[in-house]
**Student:** 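Handing you a structure now.
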Amino acid sequence: MFATNAPTQPIHPDKIRSEIQALQPQLVALRRLLHQHPELGFKERLTAETIAKKLTEWKIPHQTEIAQTGIVAMIQGRKTSLRLKTLAIRADMDALPIQEANEVPYKSKHDGIMHACGHDGHVAIALMTAYYLSQHQNDFAGMVKIIFQPAEEGPGGAKPMIEAGVLTNPDVNAIIGLHLWNNLPLGTIGVRSGALMAAVELFNLKIQGKGGHGAMPHQTVDSIVVASQIVTALQTIVARNVNPIESAVVTVGQFNAGTARNVIADTASLTGTVRYFNPDLTAFFQQRIETIVAGICSSYGATYQLEYTKLYPPVVNDPQITDLVRSVATDLVETPLGVVPECQTMGGEDMSFFLQAVPGCYFFLGAANPDRSLAYPHHHPRFDFDETALATGVEMFVRCVEKFCN
Ligand SMILES: [Zn+2]
Ligand SMILES: [Zn+2]
C-alpha cells in the first residue's frame with residue numbers, strides 16, 4: 001500500500017529555472033574540484049568520495065562501490081496510490097590519459113590525466129540534480145535513481161553496473177543521460193530518436209609471413225605486402241558491401257612491420273576500429289573482415305591471428321522517451337532551432353548498454369563558445385566547455401523527471 005498525498009500544483013517553469021540558476025556557483029565549484037582531480041576508468045576513488053560525501057551531507061540514500069567505483073543515489077518522490085515509476089539518470093565519471101594544456105586556475109593536478117571529455121561536468125550536473133530533487137520531493141511522484149558510472153572511456157563501466165543490478169530494485173522504467181557537447185554551440189540541445197552514436201568494435205591483426213633477405217624475395221613471404229593488400233581490401237567493406245544508405249567506418253589506425261631496409265619483414269601488425277549505427281550489422285563486420293584476411297593470407301601463403309572485440313553497441317534512443325526529452329528541450333531553449341536533430345556521431349558510448357536494457361534517451365548539451373575560446377574538440381589537451389551549460393543540464397534533468405514521474 002502506498003501512502004496517498006494530494007499531488008501538488010505543477011511548479012512554474014520560471015521558478016524551476018531561477019532556483020536552478022541559483023545553484024550555478026555550486027555547480028561550477030564542484031565541476032572545477034573534479035576537474036583538478038581527474039581519474040582513469042575504475043580508478044575514480046577521489047571522484048567517488050566527493051560524490052558520496054555530498055550525498056551524505058544532503059542526506060540522500062546511496063550505495064557505493066558498485067562495479068568498483070560506481071555509485072547509485074535514490075531520491076524518493078511523492079507517494080501516490082498510482083503505480084510508481086522509476087526514472088534513472090546516468091552520469092559517467094572518468095577522465096582520459098591526456099596532459100592538460102589549458103592554463104586555468106582549475107587545471108588538472110594529476111600528471112598525464114585530464115577531464116578532456118566533460119565527464120567532470122556530467123558528475124556535477126547529476127549531483128546537483130540529486131540535490132535539487134531531494135529538496136523538491138513533493139514535486140514528482142515515484143523514484144529517481146542517479147547512476148554515477150565509472151570507465152566510460154574504456155573498458156566500460158555500464159555493463160558491470162547493470163550486471164550488479166542497478167536497473168532493478170526498484171525496476172527502472174526509463175533512463176536518460178546527457179553529454180556536454182562541443183560539437184554544438186552553447187544554447188542548443190541535440191536530441192535525436194533512433195541511432196545517435198555508433199557501435200565501437202576493435203581489432204588486432206597479426207600477419208605471419210616468412211622473413212628473409214631484401215634482395216631475395218622469392219625465398220620469403222613478405223608480410224608487409226600481405227598486410228598492405230589487407231588494408232586496401234578492408235576499404236571495400238564500407239564502399240562495396242554496406243548499403244550506401246547506411247553509415248559505417250572501417251579504420252586501420254596502426255601498421256607496424258619491418259626492422260631494416262634490406263630485410264623482408266617476418267610479421268606485420270595492424271590495429272583498427274569499426275563503427276556503424278544499424279544494430280542489424282552486429283555480426284557482419286567481424287565476419288567480413290575475417291573472410292578478407294583469411295582469403296588474402298591464404299593466397300600469399302601467410303597465416304594470421306585476428307582478435308576482434310565488440311566493445312560497445314550503438315546508442316539507440318527510444319522514440320517515446322526521446323519525444324519527452326525533445327518537448328522539455330524545446331521549452332527550455334525557447335526556440336525550435338535550438339533543438340538540433342542532426343547530431344549523430346560515429347563516436348561511441350557505453351550508455352548503449354543501458355539503452356539496450358530499458359527505453360531511454362541520450363542527448364547532447366551544446367557547450368561550445370568560440371568567443372571565449374571554449375571550442376576545442378573532445379579529447380583535445382585544450383578541451384574545455386562553457387560552464388553556463390551546467391545549469392541547463394540540471395534543468396533538463398529536473399524537468400524530464402517532473403514530466404516523466406507525474
Ligand atoms: Zn570521451
Ligand atoms: Zn565522454
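The basis for the numbers below is simple: all heavy atoms, side chains too, and nothing from hydrogens, waters or symmetry mates. Quantities reported herein were computed from a predicted structural model and do not represent experimental measurements. Remember, it's 1-based here, ligands and their atoms both numbered in the order they're listed.
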**Student:** Do His136 and Phe140 have ring centres separated by under 6.0 Å?
**Tutor:** no

**Student:** Check whether any N, O or S atom of Cys117 sits under 2.8 Å from the Zn ion (ligand 1).
**Tutor:** yes

**Student:** Just checking Gln99: does its CD atom have more than 12 heavy atoms from other residues, nucleotides or ligands closer to it than 6.0 angstrom?
**Tutor:** yes

**Student:** With a cut-off of 2.8 Å, does His179 place any N/O/S atom under that distance from the Zn ion (ligand 2)?
**Tutor:** yes

**Student:** Kindly assign one of parallel, tilted or perpendicular to the pair His378 and Phe383, based on the angle between their ring planes and the thresholds 30° and 60°.
**Tutor:** tilted

**Student:** Name the orientation class of the two ring planes belonging to His122 and His179 (parallel below 30°, tilted from 30 to 60°, perpendicular beyond 60°).
**Tutor:** perpendicular

**Student:** To the nearest 10 degrees, how large is the angle at the Zn ion (ligand 1) between Glu153 OE2 and His379 NE2?
**Tutor:** 100°

